[in-house]
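Scroll down for the structure; my scribbles are underneath it.
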Amino acid sequence: MREGLRIAIFASGTGSNAQALIEKMQSLGGQIEFVLTDKPHAGVLERAQALATMSYVVEKKTDRAAHEQEILKLVDEHQIDWILLAGYMRLLSANFLKALADRHEGRAQVVNIHPSLLPDYPGAGSLEKAFADKVEFSGVTLHLVDEGMDTGPIIQQLPLALKEFTSFADFKAGMHRLEHQIYTEFLEKIIVGQIPTNYFKETAEC
Ligand code: GAR
């Protein structure tokens with residue numbers, strides 16, 4: 001395990017991905033530094049508490065710049081190396097990402113998981129839309145974050161055939177399982193130092 005690597009999770013919802021990441025980190029002998037949410041009643045807060053993980057609620061009360069400044073302050077206080085977005089339903093500005101990149105030799109080190117094979121079905125409601133469209137395959141995408149909506153360079157994608165599922169609820173559960181698998185495997189790679197230094201350049205060129 002790499003000493004002193006500090007990871008924060010940002011989430012706005014129920015937090016099943018956050019929970020999987022916290023549990024994985026604990027199984028590797030570490031702790032997620034903190035969970036941050038913009039929603040004071042998000043389910044992720046209870047999950048973090050149940051796993052003895054620190055959490056912060058940072059609501060957007062005024063403008064975006066002030067909100068992100070508040071977040072950046074926490075990131076700095078905790079000297080965060082990586083931010084893993086897990087259902088964080090808010091875009092990050094180019095300024096915020098640049099501020100992070102300036103702290104990490106030009107790499108913002110923010111990753112997002114999304115329940116579709118991007119560029120298909122970006123944004124909210126991806127599962128519902130893919131299911132309604134009866135696509136043959138959906139899947140999960142892990143990608144670096146830029147200022148767009150689910151548009152950053154893709155790290156990994158795994159497909160899932162819809163014919164394996166009889167209902168929307170089954171499909172959703174299957175997609176969540178796949179998300180947890182991809183995300184926890186990626187977390188382990190970060191922790192054991194398997195992300196090469198030129199990783200960002202290579203990924204961006206894919
Ligand atoms: C997950 O399916 C995640 O991929 C999605 O929100 C859900 C959060 O679930 N994220 C996005 O749609 C980002 N554009 P969770 O709260 O149970 O982890």
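Counting starts at 1 for both ligands and their atoms, in listed order. Hydrogens, waters and symmetry mates play no part in the numbers below; they use all other heavy atoms, side chains included.
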Under a plain distance cut-off of 3.5 Å, with no hydrogens placed, do [Y] and [X] share a side-chain donor-acceptor pair?
X	Y	answer
S116	D120	no
Q49	S55	no
Q157	T141	yes
Y121	D133	yes
T62	H67	no

For ligand 1, find out whether one of its N or O atoms is nearer than 3.5 Å to an N or O atom of [X].
X	result
D150	yes
S16	yes
A18	no

State if A11 counts as touching ligand 1 under the rule of any non-hydrogen atom under 4.0 Å. no
Is the closest heavy atom of Q19 to ligand 1 under 4.0 Å?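 No, Q19 has no heavy atom closer than 4.0 Å to ligand 1.
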Suppose we measure from atom 13 (C) of ligand 1 to each protein heavy atom; which comes out shortest, and what is that distance? H114 ND1, 3.5 Å
Atom 16 (O) of ligand 1: closest protein heavy atom, distance to 0.1 Å, is G15 N, 2.7 Å
I need the atoms of ligand 1 closer than 4.0 Å to a non-hydrogen atom of [X], numbered in the order shown.
X	value
M89	11 (C), 12 (O), 13 (C)
T14	15 (P), 16 (O), 17 (O)
H176	2 (O), 9 (O), 17 (O)

If you take the centroid of each ring, where Trp contributes its six-membered ring, are Y183 and H176 closer together than 6.0 Å? no
Select one of side chain, backbone, both or neither to describe which atoms of M149 lie under 4.0 Å from any atom of ligand 1, heavy atoms only. neither
Quick look: E179 vs ligand 1, heavy-atom contacts under 4.0 Å, and the answer is side chain
Heavy-atom donor-acceptor pair, R6 side chain to H78 backbone, under 3.5 Å: yes
For the backbone of A11 and the side chain of T37, can you confirm whether one donor and one acceptor N or O come within less than 3.5 Å of each other?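 Yes; at least one donor-acceptor contact below 3.5 Å.
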Membership question, hydrophobic clusters at under 4.5 Å side-chain separation (ILVMFWY): are I190 and I182 in the same one?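 In one cluster with I182: I190, yes.
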Please work out which of G87, P115, P122 has its closest non-hydrogen atom nearest to atom 6 (O) of ligand 1.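 The option holding the nearest heavy atom is G87.
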